[in-house]
Protein chains: 2
Amino acid sequence: MRVRLRDVAERAGVSVKTVSNVVNGYVHVAPSTRAHVQGVLDEMGYRPNLSARHLRAGRTGVIALALPELDNPYFAELTGFVVQAAEDNGWTVLVDQTDGLRERELFVAAGIRHHLIDGAILSPVALGAEDLVRRSPEDIPLVLLGEKISVGPVDHVAIDNVAAARLATEHLLSRGRTRPAAIGGQTGAESGVAHLRRRGWEDALTAAGLPVDESLVAEVPTFRREHGAEAMRTLLDRGPAPDAVFCFNDTLALGALRVLADRGLRVPEDVVVVGIDDVDDGRFAVPTLSTIAPDKEGIARTAVRMLAERFADGGADLSPRDVRAGFELIARESTMG
Amino acid sequence: MRVRLRDVAERAGVSVKTVSNVVNGYVHVAPSTRAHVQGVLDEMGYRPNLSARHLRAGRTGVIALALPELDNPYFAELTGFVVQAAEDNGWTVLVDQTDGLRERELFVAAGIRHHLIDGAILSPVALGAEDLVRRSPEDIPLVLLGEKISVGPVDHVAIDNVAAARLATEHLLSRGRTRPAAIGGQTGAESGVAHLRRRGWEDALTAAGLPVDESLVAEVPTFRREHGAEAMRTLLDRGPAPDAVFCFNDTLALGALRVLADRGLRVPEDVVVVGIDDVDDGRFAVPTLSTIAPDKEGIARTAVRMLAERFADGGADLSPRDVRAGFELIARESTMG
DNA sequence: CGGGGGGTTTACAACGATGGAAATCTTGAG
DNA sequence: CTCAAGATTTCCATCGTTGTAAACCCCCCG
């Protein structure tokens, strides 16, 4: 059987509460008692029963991180930062994959298994702001990532997607290009990342006095590599090749690079390419991929901090916060050759 | 405040235990009572407090899945199956990334946070059998994946890596090739997947009466795409191009394909390529990648079932089991063109 | 009409930890 | 040497749920 406070107390010849006090660093414990009890604790290898502790405290010390897909490298990297930030707070992270399914996202927003997690960080795909309006005080604190729901009744962290897309496009223009294509549009999505990044692309064109040519936009069903490739093929088949490509994320860009190579177009000489996310694969691609690097660590730390603030006294009364994370342009071979 | 059994009991005018009996589907509850209590339960939106329930039961209903890297598509896909299998058992999965670090793997094997998880499924990289010998009865049940530790004091699930590698190589030979290279060797690893897959490759060559040519083997520091590419370049620079390549996993193969394209070698006309894992990316690569598909779902279900058996009465007394999962060859364009 | 006997329901005691009040022990002043 | 204040330690109740055993009720048989 596992070691309980009682077992330690018996062996040490003190009360259960004294042992508890030692474990929790309570002030009024005589140094000699503390040393003795600590010795017995170490000797017996006591570890607190979290179920019991949390039953008492009303918290579990576990938070959930729910992402649409774990095999997307951006999310995989972000996960690492969230786990780290949570660890610094003494929390454990339960990672969950929603597959972008409404049902699973609602499940997370509702607390997964009641009383199992204290709060959740969710990157919604299917959920709309309307799904979150009727949150009751029984619901756990929630922090949203990304811009599917940019204003709503809960906390939110994201980069400024319009500005990021505009910076990426301006970088392409600064390389002397005048016909930058955009891969990643999604019709029907009034809100969401795709919409915002497209607007950034348009803004850059307009600001530079260039026309917005619809034939330079390629739509994709998902942000996965294969659809980046497909979109690139469509663009090339459609007419005169663009002299630059702005992909709405790195995975799409990696697919596009592949097709450009297939078609014998040189990057960056013939076409320059830029993405968003700064995933590891882009650093090793041939050529290495220029990109907009969101401050992933900052996003993770902010999300965790927001949860911490909600847990604190009065946290439930805070009005919803909306934080913009930083980002920067990283120019690599695909635009600089 | 959240709804407790007691609140429901008061409203329904019955005892707490009766409500508990209804919640848990105890047999001896009068139909009328059951209906009434159920109505109040629904009306008040009762959800059990898992901390309390698990404090009573001695279990938490959470298992951990610890993998070296989540951004490896094979592991990402496997995760999905494990989550599904666990859900069928009413368990929740806590996904953890170890980065192949000894310290983190030990942490998982020791139970992460005491009493937080009931058991763990771990794919070890750094841990050796010797690390697991001194497991005490206080330690949680553990199931190992992969073949870093193939015999040891704990349960284990893996495919027969020698046989799988042999099947892959034989497939290359059946396409009329006689100089199949091997990408993925790792010196210094006496045990482990790399070692076993290399042996399968050798076995196939020997059985076919072909010489084992060391210059056809390329070592890699990791199984990531960039190192597959690097290894392929090394092989091509080293001398006469091989007419076939067996990569120890699909990610390496995807990197190799990239280099072959760069060098103007046609796949499958000039070189045929096969991998292991059957990851999604391989299905969309150009050309599509032939591979050995391990029964991921079977692996996941087996691992979860083994944990379930350990949880059952007397489960701790079972001797360590070693299960071989199935696999099959999937021939695609990279070998069949 | 009393006494089983079965199905139902309830009271009580855990599970392990901790806050708060109460009890005990020190120590120093008077 | 007594007493009070402060430092330590202990006792008790409690978090929400469920196993156990006992209580209860109703119906039927003798």
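Side-chain atoms are counted along with the backbone in the values below, which use heavy atoms only and exclude waters and symmetry mates. Note on naming: letters A, B, ... go to the chains in the order of the sequence lines (proteins, then strands), and numbering restarts at 1 for each one.
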OP1 or OP2 of D:dT9 under 4.0 Å from side-chain N/O of A:T18: no

- Task: Examine D:dT9: is either OP1 or OP2 under 4.0 Å from a nitrogen or oxygen in the side chain of A:T33? Give yes or no.
- Result: yes

Can you tell if the side chain of B:Y46 reaches within under 4.5 Å of the side chain of B:D7, non-hydrogen atoms only? no

Worksheet entry | B:V14 side chain reached by B:V19 side chain, heavy atoms, under 4.5 Å | yes

Self-check item: Donor-acceptor contact present, side-chain B:R4 to main-chain B:A9, <3.5 Å
Solution: no

Contact string for nucleotides 17-22 of chain D, one letter per nucleotide 5' to 3', B = base within protein heavy-atom range under 4.0 Å, S = sugar-phosphate only, - = neither, reads BBBB--

A:H28 atom NE2 is separated from C:dA21 atom P, nearest whole Å, by 14 Å

From CE of A:M44 across to P of C:dG16 the rounded distance in Å is 13 Å

The complete set of salt bridge (Lys or Arg N to Asp or Glu O under 4.0 Å) pairs with one or both residues in residues 77-91 of chain A, sequence neighbours excluded, reads A:E77-A:K296, A:E87-B:R104, A:D88-A:R301

Comparing B:L55 with B:V27, nearest DNA chain C nucleotide closer to 5' gives the residue B:V27

*Are A:D155 and A:R321 close enough for a salt bridge, meaning some N to O gap below 4.0 Å?*
yes

When rounded to the nearest 0.5 Å, the distance separating CG of A:L145 from OG1 of A:T302 is 10.0 Å

